[in-house]
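Every number for a ligand or one of its atoms is a count from 1 in the order of the listing. For the numbers below, each heavy atom of this structure counts, side chains included, while hydrogens, waters and symmetry mates do not.
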Amino acid sequence: MQKRKMTPLEAGECKRRRKRIRMVTAYDYATASSVNRSEIEIILVGDSLGMVMLGYESTLPVTMDDMVYHLGPVVRGAPDTMIVADMPFLSYHLGVEQALSNAGILMRAGADAVKLEGGAARCPAVRAMIDAGIPVMGHIGLTPQSAAQMGGFKVQGKSASAARRILEDAMALEESGVFAIVLEAVPHELARIVSERLIVPTIGIGAGPDCDGQVLVIHDMLGWFDRFQPKFVKRYANLGREIERALAEYAREVAEGSFPGAEHCFNMKEDELERLVEELE
Ligand code: KIV
């Protein structure tokens, strides 16, 4: 069956039909092309690229320019997949105008929607974007851009009062018009309650099986990023190990002269070679 880009409205339809939404991150053309050939409905060009592509310790150094740079190849590689672009740290905190203008830059670069972190405090920015016709995905629970304030990458919403605040944030975001909400690193019981109370789909990462969809950072799920591995990640491959095996084999073959083999070489026609040799003699 030919894949077709899912729209934000259809994401809501998935929830109503109890069809789970699948989302992964991608930050380059080759990876986006592979995701485009899969059944996965949404690619997130996440600011996690700061850690897995750029080697930073956190997502905070990621800029709008970084986002636009990585969005381009993903858009070209995945024409049949909905593409959500993360709004990076401080690109939407200085007021509604700044938020709207940066969301517009990501949409002009080819995103189908933007995602921003935070709850009720972000609702004015969300409403302005929705008014401008920009689909917005929310992100609450553990919000890595505020990890310093949260005391690190910690599970959120463990106490009844903290859980209640997360539910209230989810409802405020829904009220403001988001089409889906990422719930990161919250107890699965809370994720179930939030998912049951919202009309829009929840997309969980470290939030258990009762969300309306799931998202993983692709480098984590493919075993391609080793700095740390959160408990909620399942490794579906070990690309890091496979890449290192291939590099070791290449290095050995070049050193011993067994690569390139005859099958990797271009040939001259015999008479041309003879003429060359004669000319050189
Ligand atoms: O940046 C990212 O990859 C994310 C996911 C963890 C949801 O926000």
Sub-3.5 Å N/O-N/O distance, Glu184 and ligand 1: no
Close-contact set for ligand 1 against Val217 heavy atoms, below 4.0 Å: 3 (O)
Protein contact to atom 6 (C) of ligand 1 [nearest heavy atom, distance to 0.1 Å]: Ile205 CD1, 3.7 Å
Donor-acceptor pair, side chain of Glu253 and main chain of Tyr250, under 3.5 angstrom: no
Sub-4.0 Å heavy-atom approach of Lys115 to ligand 1: yes
Basic-acidic side-chain contact under 4.0 Å: Arg275, Glu278: no
Check: Lys3/Thr81 side-chain N/O donor and acceptor closer than 3.5 Å: yes
Atom indices of ligand 1 within 4.0 angstrom of Gly46 heavy atoms, with elements: 1 (O), 2 (C), 3 (O)
Atoms in ligand 1 with a heavy atom of Leu44 nearer than 4.0 Å: 2 (C), 3 (O), 4 (C), 5 (C), 7 (C), 8 (O)
Donor-acceptor contact below 3.5 Å, side chain Asn36 vs main chain Asp80: yes
Distance-only polar pair, side chains of Thr25 and Tyr27, donor-acceptor under 3.5 Å: yes
N or O pair under 3.5 Å between Ser48 and ligand 1: yes
Atoms of ligand 1 close to Asp86 [distance to a heavy atom under 4.0 angstrom, numbered from 1]: 1 (O), 2 (C), 8 (O)
Which of the ligand 1 atoms, numbered from 1, are nearer than 4.0 Å to a heavy atom of Thr25: 3 (O)
Any donor-acceptor N/O pair, Thr59 side chain to Gly50 backbone, under 3.5 Å: no
Donor-acceptor side-chain pairing of Thr31 and Ser34 below 3.5 angstrom: no
Option among Trp224, Tyr236, Phe228 that satisfies the ring-ring contact (aromatic ring centres under 6.0 Å, His included) test with His219: Trp224
N or O contact, Asp47 vs ligand 1, cut-off under 3.5 Å: yes
Heteroatom proximity flag, Tyr27 to ligand 1, N/O under 3.5 Å: no
